[in-house]
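Positions are given from 1, in the same order as the sequence printed here. Given the structure is predicted, the values throughout are model-derived calculations rather than measurements.
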Amino acid sequence: MTEQELKRARNIGIVAHIDAGKTTTTEAILFHTGRTHRLGTVDQGTATMDWMVQEQERGITITSAATYCAWKDHTINIIDTPGHVDFTVEVERSMRVLDGLVVVFCAVGGVQPQTETVWRQANRYSIPRLMFVNKMDRQGADFFRCVNQLETRFHARSIPVVIPWFDGDAFSGIIDLVGMRLIVPDPDSDEKRKCIPIPEADLADAEKHRANLLECLADYSDELAEMFLDEQDIPADMVRDTIRLATVDHGLIPAFCGTSARDIGVQALLDAVVDYLPSPLDVPAVKGLDTRTGEQSERASEDGAPFAALAFKIAREPHVGHITYLRVYSGSVTKNSKVFNSSTGKRDRVTRILRMHANRREELDELSAGCIGAVVGLKSVGTGDTLSCEASPIVLENIAFPEPVISVAVEPSKRADYEKMSEALHALAKEDPTFRAEINRELQQTIISGMGELHLEIIIDRLLREFGVEASVGAPKVAFKETIRKSSEAEGNYVKQTGGSGHFGKVILRVEPLEPGAGFVFETQVKGGEVPSDYFPAIRKGVEQALKTGLRDFPVIDIKVTLLGGAFHEVDSNDQAFQIAGSMGLKEALRKGGCILKEPVMKVEIEVPDEYVGTVMQDMSARRGRIGDMETLPGNGRMLRAAAPLSEMFGYATVLRNSTQGRGSFSMEFHSYEPVPASVSEAMIKKGA
């Protein structure tokens, strides 16, 4: 790409809570930019971006889908992401490679659980974003409440750039505060909209909101501030330039509204993507580790720079094989060219280059700096790997993925399908870093793990439809963890004589609990050479092996292990002896310190009519749930916020539906690991959980 082409490029994502209207908004964008000739709908299963059979059947987005379009001489690469918590991996890896975001809010629901999750993800990657309040035609819709919620919940500064316009009680258009005009749908025009003067009855309100907008922007431009104080007319172009500066450099969130399903406000959102979100040249140069020098290095978004790209997604296509989605940060890659996997040190070859439109493909000869595309032929690449030229290798920051929280046992209905199932599970795990499949040797079972019931349900469905493997599934099992109750010290001794040279290793370990989420820390404080430093890696390896199973066959989390000392033998000591001693020492320290179980606790939001609030609260308490707060909703409804153990939430959708005559709904997302109550823990141990 030339510099001018890069300036006119946008790499954006559409993110939101489930059912806020992300995919419908994307469909409207594709329609207005000429990529599609009809408005696909999620409810009817005709959405272009929801191309999987499972998505069309369930009416939800399961996998992130990439596409592209053009608007006002700009190229916009779009990734439409899922809103369900079980598929948060799709959002995480998409955010890693995007330059800007459109965060969609439901005008009635406002800030919802998964909105909070995607907002934290966006903060982690410092991505500029726009706010689009969708479904303004719904009863109870409130644009300004959503803007205020954004500020109070996330401490983000947001300002309306448009405001809703109602013809009587019906939402019928938007007032553009930059150009001071009313924009309403016009199906007969080329742009499907027309701009007309603001009605006299609405002019005073529009001027008030424009003044608020200019007052906010005055903090980002001295020239605009001076003109505002002098009560001068401020040109629309200056207002746009200042909004762009504030959005890209200072984190201001311009707020827009509309109704994607009725095609109101989408063109203004497209204008905003072009006017306010950054190009690849506006974001800082990507940083990585130069594997030759071990020092930090930068790669500018230029075709002439050394090639560097991040593989952010692997997808399986039945007739193509695995497709690797790339964000090219610098340089370019051509088809039939060799690339170097800096993360693994392996060489690979790109045989084809594709530009994706959901599940449809367009062949390209080259993918250049600033582009998002896909390649075929890479065999050694996994999600998060860096591709570069071998002469100038660099490793970019990888992508962090959450650990699975739920497991089930699975086996093929036909014994002859065991190998086929194994290959299928391996292929699915390559696609999805939050999906795990392993064989439990003790139980002689294949255990699959994921982010929730729906996640594993989709995996089982794909086994049948894509791989022809019919599988039977055991009951869900929660991914419990262990940790230590209090600090303790213990010895690990491994002494074995076999006639010749034996084995000798002795370690003294101190194990301490850490704050939740701190992970595992290993330190050494050996004095006087009691244990030679050559054996430290073996001891750590033994400790890490013991952490995988703990005392009750659950992984141990949030502890600090300090090697205090020990003893060695000049002849009999070796790595294996100290590795076993480290494992023994950790387990003994866990016994002394009192090992406790931790369980995944979910943040739950439940919407119910007033008359069922008592029933729902009583049921939630029976599930060991804690009610946090309650919010009154428009139209005789309540929103209950609670925290509840995942183990108690299986099948809750059916229970809630039955207890509210089908009028209740809920959503949940992972919150944290918390200690299991003693009475519950004892019952689990008796059952052999």
Side-chain angles (χ1 to χ4, degrees), residues 1 5-6 9 11 30 35 48-49 51-52 63-70 75-80 90 93-94 96-98 280 299 301 303-391 393-394 396 399 423-424 426-433 462 466-467:
M1 280 191 184
E5 288 173 326
L6 278 172
N11 295 315
L30 295 178
R35 288 294 296 149
T48 303
M49 305 305 284
W51 58 270
M52 291 177 65
T63 182
S64 57
T67 187
Y68 64 96
C69 59
T75 300
I76 305 174
N77 293 309
I78 303 173
I79 298 181
D80 177 39
E90 298 289 343
R93 58 183 170 193
S94 299
R96 175 65 179 80
V97 298
L98 294 171
R299 293 289 167 86
S301 191
D303 285 354
F307 174 61
L310 187 76
F312 67 94
K313 177 175 176 173
I314 311 292
R316 178 183 172 275
E317 290 282 345
H319 305 294
V320 179
H322 279 103
I323 294 177
T324 304
Y325 286 75
L326 299 180
R327 163 67 191 263
V328 180
Y329 286 98
S330 64
S332 60
V333 60
T334 57
K335 67 178 182 180
N336 296 318
S337 63
K338 293 180 180 179
V339 293
F340 181 66
N341 187 336
S342 309
S343 303
T344 63
K346 295 181 179 179
R347 299 174 184 84
D348 226 321
R349 179 182 290 275
V350 171
T351 57
R352 295 168 64 191
I353 297 178
L354 309 172
R355 175 183 274 183
M356 303 299 295
H357 178 51
N359 62 330
R360 294 190 283 277
R361 303 176 289 273
E362 176 187 330
E363 297 277 350
L364 298 177
D365 293 325
E366 183 181 38
L367 207 57
S368 55
C371 288
I372 291 177
V375 299
V376 178
L378 302 180
K379 295 181 174 61
S380 66
V381 175
T383 302
D385 285 356
T386 301
L387 301 178
S388 66
C389 57
E390 194 166 359
I394 189 173
L396 306 177
I399 309 171
E423 292 174 356
H426 177 75
L428 292 171
K430 184 177 176 68
E431 286 186 30
D432 184 351
R462 290 186 65 190
E466 296 178 28
F467 299 93

Notebook entry, point to check: Roughly how far apart are L367 CG and K335 NZ, rounded to 0.5 Å?
Noted result: 13.0 Å

Checklist line | Check: S332 side chain, D303 main-chain N or O, donor-acceptor pair, under 3.5 Å | finding: no

Item checked: Over-ring placement of R327 relative to Y329, 6.0 Å and 45° cut-offs -> yes

Notebook entry, point to check: Rounded to the nearest 0.5 Å, how far does NZ of K338 lie from CZ of R347?
Noted result: 8.5 Å

Margin query: Between N77 (side chain only) and C371 (backbone N and O only), is there a donor and an acceptor less than 3.5 Å apart?
Written below: no

Check: Just by modelled atom types, is the Y68 backbone N or O under 3.5 Å from a matching donor or acceptor in the R35 side chain?
Finding: yes

Check: Looking at CZ of R316 and NZ of K430, how far apart are the two atoms once the value is rounded to the nearest 0.5 Å?
Finding: 13.0 Å

Note to self: Contact between N11 and V97 at the side-chain level, heavy atoms closer than 4.5 Å - yes or no?
What the structure shows: no

Check: For S64, does its backbone N or O pair with a side-chain atom of E90 as donor and acceptor, under 3.5 Å?
Finding: yes

Margin query: Please give me the minimum heavy-atom distance between T383 and R93, naming the atom from each residue.
Written below: OG1-NH1, 3.7 Å

Margin query: Pair L354, E362 - check side chain to side chain contact (heavy atoms under 4.5 Å, CB included), show working.
Written below: CA-CA 5 Å; L354 309 172; E362 176 187 330; over 6 Å; no

Checklist line | Residue pair L6 / G370: nearest heavy atoms and the distance that separates them | finding: CD2-CA, 4.0 Å

Check: How close do I394 and R299 get, heavy atom to heavy atom, and via which atoms?
Finding: CG2-NH1, 3.5 Å

Check: Between T67 and I78, is there a donor-acceptor pair closer than 3.5 Å when you use the side chain of the first and the backbone of the second?
Finding: no

Notebook entry, point to check: Of the non-hydrogen atoms in C389 and P306, which two are nearest, and what is the gap between them?
Noted result: SG-CB, 3.9 Å

Item checked: A311 versus T324, closest heavy-atom pair with distance -> CB-CG2, 3.6 Å

Next item on the list: First locate atom NZ of K313, then atom CD1 of I372, and finally report the distance between them rounded to the nearest 0.5 Å.
Entry: 12.0 Å

Note to self: To the nearest 0.5 Å, what is the distance between CD1 on I79 and CE on M356?
What the structure shows: 11.5 Å

Margin query: With side chain to side chain contact (heavy atoms under 4.5 Å, CB included) as the criterion, how do H357 and L30 come out once you've worked through the C-alpha distance, each side chain's angles and the decisive distance to 0.1 Å?
Written below: CA-CA 10 Å; H357 178 51; L30 295 178; 3.9 Å; yes

Next item on the list: Check V375, V381, V350, V339 against L326 for a side chain to side chain contact (heavy atoms under 4.5 Å, CB included) and give me the one that passes.
Entry: V375

Next item on the list: State whether the side chain of D385 and the backbone N or O of S343 hold a donor-acceptor pair below 3.5 Å, judged by distance alone.
Entry: no

Next item on the list: Compare every heavy atom of N336 with every heavy atom of T351, then report the nearest pair and how far apart it is.
Entry: O-OD1, 3.5 Å

Notebook entry, point to check: Of L310, T344, N341, which meets side chain to side chain contact (heavy atoms under 4.5 Å, CB included) against T386?
Noted result: L310

Note to self: To the nearest 0.5 Å, what is the distance between CD on E431 and NE2 on H322?
What the structure shows: 5.5 Å

